[in-house]
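Computed from a predicted model, the values in this text were never measured in an experiment. Heavy atoms only: backbone and side chains are in, while hydrogens, waters and symmetry mates are out. Order of the sequence lines sets the chain letters (A, B, ...), proteins ahead of strands, with each chain counted from 1.
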Number of protein chains: 2
Amino acid sequence: MRRLPPLGSLRAFEAAARLESFKDAAAELGVTPTAISHQVRLLEEELGTPLFIRRTRKVVPTASGLDLAARLGSAFEVMADAVAQARPRPGRRLATLSATLAFSARLLVPRAGRFRTLHPGWDLRLHASDEAVDLIAGEADAAIRYGRGSYPGLVSVPLMSECFAPVCSPRIAPTRLEDLRRANLIHFDWLLARSHNKTPSWSDWAEKAGLAGFDATAGLTFTDENSAIEAAVAGQGVALLSLPLLAPELRSGVLIQPFGPVIEGLGFDFVFPEGAENRPEVATLRDWVLGELGPALVPSATPSAGET
Amino acid sequence: MRRLPPLGSLRAFEAAARLESFKDAAAELGVTPTAISHQVRLLEEELGTPLFIRRTRKVVPTASGLDLAARLGSAFEVMADAVAQARPRPGRRLATLSATLAFSARLLVPRAGRFRTLHPGWDLRLHASDEAVDLIAGEADAAIRYGRGSYPGLVSVPLMSECFAPVCSPRIAPTRLEDLRRANLIHFDWLLARSHNKTPSWSDWAEKAGLAGFDATAGLTFTDENSAIEAAVAGQGVALLSLPLLAPELRSGVLIQPFGPVIEGLGFDFVFPEGAENRPEVATLRDWVLGELGPALVPSATPSAGET
DNA sequence: GCAATGGATGAGATGAATTCATCCATGAGG
DNA sequence: CCTCATGGATGAATTCATCTCATCCATTGC
């Protein structure tokens, strides 16, 4: 548990240190200078160290005080921003969409600009987390889920199907299947991140590819999909990754899919609570997401080089 | 001025959201669950938006609540760290040294490890700021100042003299003085950062080098010395920079000094308040700084390549 | 169906934070 | 050199925000 001095004394101190004046700090906080003086003394006693050198007509922070004030200042800054964000802005509506970290970073963030033009007057909050939020409880208005497409209590609209294939930087591209035996493999620990859904591993893939005696264990392992992607782009090895999520990289050529086979995964669905179909938040998000990522709008899986 | 809800309600809310339970939050903060309930309600009214969906036996944050709680959580984290830092640790002593951003980053931080071995039991605080602190008031125990070496009320011990010369990445090294006419110049806006001391500019240098009709205005300008150094390392051009501060880069060869002349600057001094010579903080810092950076311990200015 | 759990609510108690009245030190102005 | 104005310190009094208490309610597990 966190041990903190009275918060009021921290705020009083921060203002006093920033303004180098109890009087001004008092004005800023709307109290009398006496209050600041008491609060600062309280904090100094609590911490057991002086925070100010008292000089006539002004007050100078000590080394510790200077440091503390700077850090507290940024903490209050963060708080003020957070609170301002949480406070509903009149005339603006907010829609919250939840998705996994990778999906959000890869497919939603790059399209967020379109949301603004599509729905002026609306603000978009992307809640990127690999833990599923409780849509029925209202933790978000809608979400993008990976799975079989049936979620109790939720309506799901299919978006795209997931598929996995080997990808790597063109700089290190193996040209034949056999080359893979000597390649560095990049593993993404799917299981951890996406709960119970089955994970396509390199051994699954080797089996499908008919590669006998393939050592599918060596290499780098990541628990964060974005890191695995970055490693692949950096030429650290060959990764077995989601093709839909890599559309931009495959299109620009920083990653290529040297050969098959492709493993079919489950699907991505746009989901929202039953009975919420007419809520404006849901309609707005649905509009945007289906318009941007609906079926056939994301390049499907076709090998970009090589045989088989 | 920052407008914030009562801080207590923010803390209560953050704990409740993190633990998804008013009861647990109450236990963490050492109050009754009722208190949390009241504080959260207060905050919700103040913000004008619900932060929790109340369900039986637990309480689930809304989308806004989730977001707010995460931000508040990190703000409290920062505060707790700051306070823990400010609280004097028994048996440990703290010495605070102030220096400019660039001096600190270039010459002090890399040598901070030695401080620990030299003075076990002491903690070092480096206060890096381009604004001079008030040593007499006690804002720091000692400082490193750039100037003529005489500071009223302070004792100064000369450390090294400053000098400036053209430096650049070996990849783009001009070999003759004349090449400089076509080179990209990197300017560092000394005046802004180091108060009233005179600034060695490219035109000062051109004059000393006897380059007539030299256009000393083109190029990149930085107000932060470290950025200027980074730009030079990145091969963005030729910079007129401090040689003592670039000792590591010059030694490793990522930067070279293609030719002279060298402009002599003022000096760096280790300074502390008069009468403080026997304070243990001052003695400790003096010991370290003079041992590491005393005269002749930093490579002096010698061209590393090329002619005059 | 009943007890246990966890939260909501309103009134009242408590004590932390603010103010008031006063004092002190310094520096500016005459 | 004296006086005044400024800004902070201090302790007692007071206010008001926060907490607790007593009670109630809804849900869930047995």
Exercise. Of all of residues 33-44 of chain B, which get a heavy atom below 4.0 angstrom from DNA chain C, listed by number?
Worked result: B/Thr34, B/Ser37, B/His38, B/Arg41
Problem set entry | Nucleic acid contacts - residues 46-66 of chain A versus DNA chain C, non-hydrogen atoms under 4.0 Å | A/Thr56, A/Arg57
Exercise. Above 12 or not: heavy atoms from other molecules or residues under 6.0 Å from CZ of A/Arg116?
Worked result: no
For this session: Quick one: list whatever passes salt bridge (Lys or Arg N to Asp or Glu O under 4.0 Å) with A/Arg55, sequence neighbours left out.
Result: B/Asp134
For this session: Would you grab the first and last nucleotide of DNA chain D (5' to 3') that comes under 4.0 Å of any non-hydrogen atom in chain B?
Result: D/dT18 to D/dT28
Exercise. Can you list the residues that meet the side chain to side chain contact (heavy atoms under 4.5 Å, CB included) rule with A/Lys23, with sequence neighbours excluded?
Worked result: A/Ser21
Problem set entry | Inter- and intrachain pairs under salt bridge (Lys or Arg N to Asp or Glu O under 4.0 Å), touching residues 79-88 of chain A, at least two apart | A/Arg87-B/Glu46
For this session: Could you list the residues that satisfy side chain to side chain contact (heavy atoms under 4.5 Å, CB included) with B/Ala283, not counting sequence neighbours?
Result: none
Exercise. Listed by chain and number, what are the ring-ring contact (aromatic ring centres under 6.0 Å, His included) partners of B/Phe22, not counting sequence neighbours?
Worked result: B/Phe52
For this session: Could you tell me whether A/Ser21 contacts a base, only the sugar-phosphate backbone, or nothing, with contacts defined as non-hydrogen atoms closer than 4.0 Å?
Result: sugar-phosphate
Problem set entry | side-chain hydrogen bond (donor to acceptor under 3.5 Å, both in side chains): pairs with one or both residues in residues 31-41 of chain B, sequence neighbours excluded | none
Exercise. Which residues satisfy the salt bridge (Lys or Arg N to Asp or Glu O under 4.0 Å) test with A/Glu281, sequence neighbours excluded?
Worked result: A/Arg93, A/Arg279
Problem set entry | Set of residues satisfying salt bridge (Lys or Arg N to Asp or Glu O under 4.0 Å) with respect to B/Asp269, sequence neighbours excluded | none
Problem set entry | Results of salt bridge (Lys or Arg N to Asp or Glu O under 4.0 Å) for A/Arg71 - residues two or more places apart only | A/Asp67
